[in-house]
2 protein chains.
Amino acid sequence: MTTTTRPGPRERLLEAARELTYTHGVHVGVDAILSRADVARRSLYQHFGGKDGLIAEMLRTQATADRYRETMDAAGDDPHERVLAVFDELERVTTRPAFRGCRYTAAELALSDLDHPAHAEVRAHKEELHRIFAAELTRHGHPDPEFGADQILVLVDGVLAHAVTRPGAHPALAARVMAETILGPGGTAKPGGTPERG
Amino acid sequence: MTTTTRPGPRERLLEAARELTYTHGVHVGVDAILSRADVARRSLYQHFGGKDGLIAEMLRTQATADRYRETMDAAGDDPHERVLAVFDELERVTTRPAFRGCRYTAAELALSDLDHPAHAEVRAHKEELHRIFAAELTRHGHPDPEFGADQILVLVDGVLAHAVTRPGAHPALAARVMAETILGPGGTAKPGGTPERG
DNA sequence: GGCGCCGTATACCGATCGTTCTATCTACCC
DNA sequence: GGGTAGATAGAACGATCGGTATACGGCGCC
């Protein structure tokens, strides 16, 4: 038959964990994940060794950094527009009804045990984002790409955090203006003074 | 006798909840809070109706906004310095070993039930911060205090979130430079170009 | 054909969760 | 002194937690 074969238990577990941990936090019960994935209890421990392993692997295989790259690539070649496109995308993402913040930040804050394997994945994710933006700023001829990437990450994390805690605030619009300042003059994007809000 | 009388059960519960929820998240067990506060089980439900009520009241009586006011007041009268002092203080706070991020953001992300009474306290806290900074910018003669306060809050939340997820990044230093841009020219604080990082 | 692997299903484990209950004790006010 | 309110101590509730164990079924591979 030609019906698309459904993924194996491992992929189904990762997908279910992706969905449920985002909406309910990393403290979702394994029973909820199992029934959502339609997978036997034993398969979880066979593939991931336990809930902690599943959470960590879910964060590791979450291709979030790729989405940033795709957003910038879709914005073309103009250096300014590429970075600003990230904040335009953040405005779209943070205003979606299902938006619940950054899953990495949420995992970091929720898991008080510092030995939890998820913490390493959170750090790896943020470091990768830093590399992405630092590389971008280097291509722009930014005088201090490392520091500039620090600034952009503060803006990104600030947007993601603030959008959850203060609904209706549209922090991505506020961050976009600051991002323009970081990128400095010389681009094609809105070179003038204070840009309009709307 | 002249010994200082220890606070009543209600205050002890709030203090224990303050400490334990910050280090272990809002999912700490009731038993841990009770033993830490050295309080009978019944007192918790007598005073707060349950764990949810305790968490919400703990957030409500947390005088975090006052600390922002105190930090700015201690910085004197110069409009720029008052706001920049907040980021200097954030640099100190975020580099402390016990730093575990913003308790309001953590509570918001950890409590998936949108009916939880803590969510209202989180929103109230962020709105109060917005009012504080908007009032500050108004006194500065900022052209758009509401939008400027949005920007400062993105920076503050970004610093608090990023400092937890990427240890050693010193996001407060990166945010301080952006805050200077928001405040605009005309102050006494470092009017020149790109300030030094250290 | 028999063996082993993978997945399912389900029962079960001890531990912990938030909550309710009864009982006892203490302090204060009239 | 009696009564009341507030606090303590501790047992017990049902529910859920993450994890383990047992039994069964399908499949390919030698």
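These numbers come from the heavy atoms of this one structure, side chains and all, not from hydrogens, waters or symmetry mates.
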Taking side chain to side chain contact (heavy atoms under 4.5 Å, CB included) as the criterion, tell me which of B:Arg10, B:His47, B:Arg12 meets it with B:Val39.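 Of all the options given, the one that passes is B:Arg12.
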Heavy-atom contacts under 4.0 Å between residues 23-31 of chain A and DNA chain D, which residues?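 Heavy-atom contacts with DNA chain D come from A:Val28, A:Gly29, A:Val30.
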Mind telling me whether A:Phe133 and A:Tyr68 have parallel, tilted or perpendicular rings, with 30° and 60° as the class edges?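 Rings of A:Tyr68 and A:Phe133: perpendicular, as their planes differ by over 60°.
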Check ion pair [X]-[Y] (N to O, under 4.0 angstrom):
X	Y	value
A:Glu128	A:Arg69	yes
B:Arg67	B:Glu89	yes
B:Glu180	B:Arg176	yes

Under the side-chain hydrogen bond (donor to acceptor under 3.5 Å, both in side chains) test, which residues partner [X], sequence neighbours left out?
X	result
A:Gln62	A:Arg18
B:Arg139	B:Glu136
A:Gln46	none
A:Glu15	none

Overall bend - the helix from C:dG1-D:dC30 to C:dC30-D:dG1, comparing terminal axes fitted on five pairs, nearest 10 degrees: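 Between the first-five-pair axis and the last-five-pair axis there is 10°.
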Test of understanding: with side-chain contact (heavy atoms from CB on, under 4.5 Å), list the residues that count as partners of A:Asp52, not counting sequence neighbours.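 Expected list: A:His116, A:Pro117.
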With sequence neighbours excluded, residues passing ring pair (Phe, Tyr, Trp, His ring centres under 6.0 Å) with B:His24: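 Scan of B:His24 (ring pair (Phe, Tyr, Trp, His ring centres under 6.0 Å), adjacent residues dropped) gives none.
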Partner residues of B:Tyr104 under the ring pair (Phe, Tyr, Trp, His ring centres under 6.0 Å) criterion, sequence neighbours left out: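 B:His125.
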Can a donor-acceptor pair be found between the side chains of A:Asp150 and B:His170 at a distance below 3.5 Å?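 Absent: no donor and acceptor within the cut-off.
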List the atom of B:Ala118, the atom of B:Ile55, and the distance in Å for their closest heavy-atom pair.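 So the two residues come closest at CB-CG2, 4.2 Å.
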Please state how far atom CD1 in A:Ile33 lies from atom C1' in D:dC17, giving the value in whole angstrom units.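 It is 12 Å, rounded to the nearest whole Å.
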Are any non-hydrogen side-chain atoms of B:Met178 and A:Leu155 less than 4.5 angstrom apart?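 Heavy-atom side-chain distance check passes, below 4.5 Å.
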Using heavy atoms and a sub-4.0 Å distance, could you list which residues of residues 104-121 of chain A are near DNA chain C? By number, please.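 Listed by number, there are none.
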Distance under 4.0 Å to a non-hydrogen atom of chain B counts as contact; along DNA chain C, which nucleotides mark the start and end?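 On DNA chain C, the outermost contacted nucleotides are C:dC17 to C:dA23.
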Collect all protein-nucleotide pairs involving nucleotides 6-10 of chain D in which both atoms are nitrogen or oxygen and the distance is under 3.5 Å.
from	atom 1	to	atom 2	distance (Å)
D:dA7	OP2	B:His47	NE2	3.0
D:dT8	OP1	B:Arg12	NH2	3.4
D:dT8	OP2	B:Ala40	N	3.1
D:dT8	OP2	B:Ser43	OG	2.9

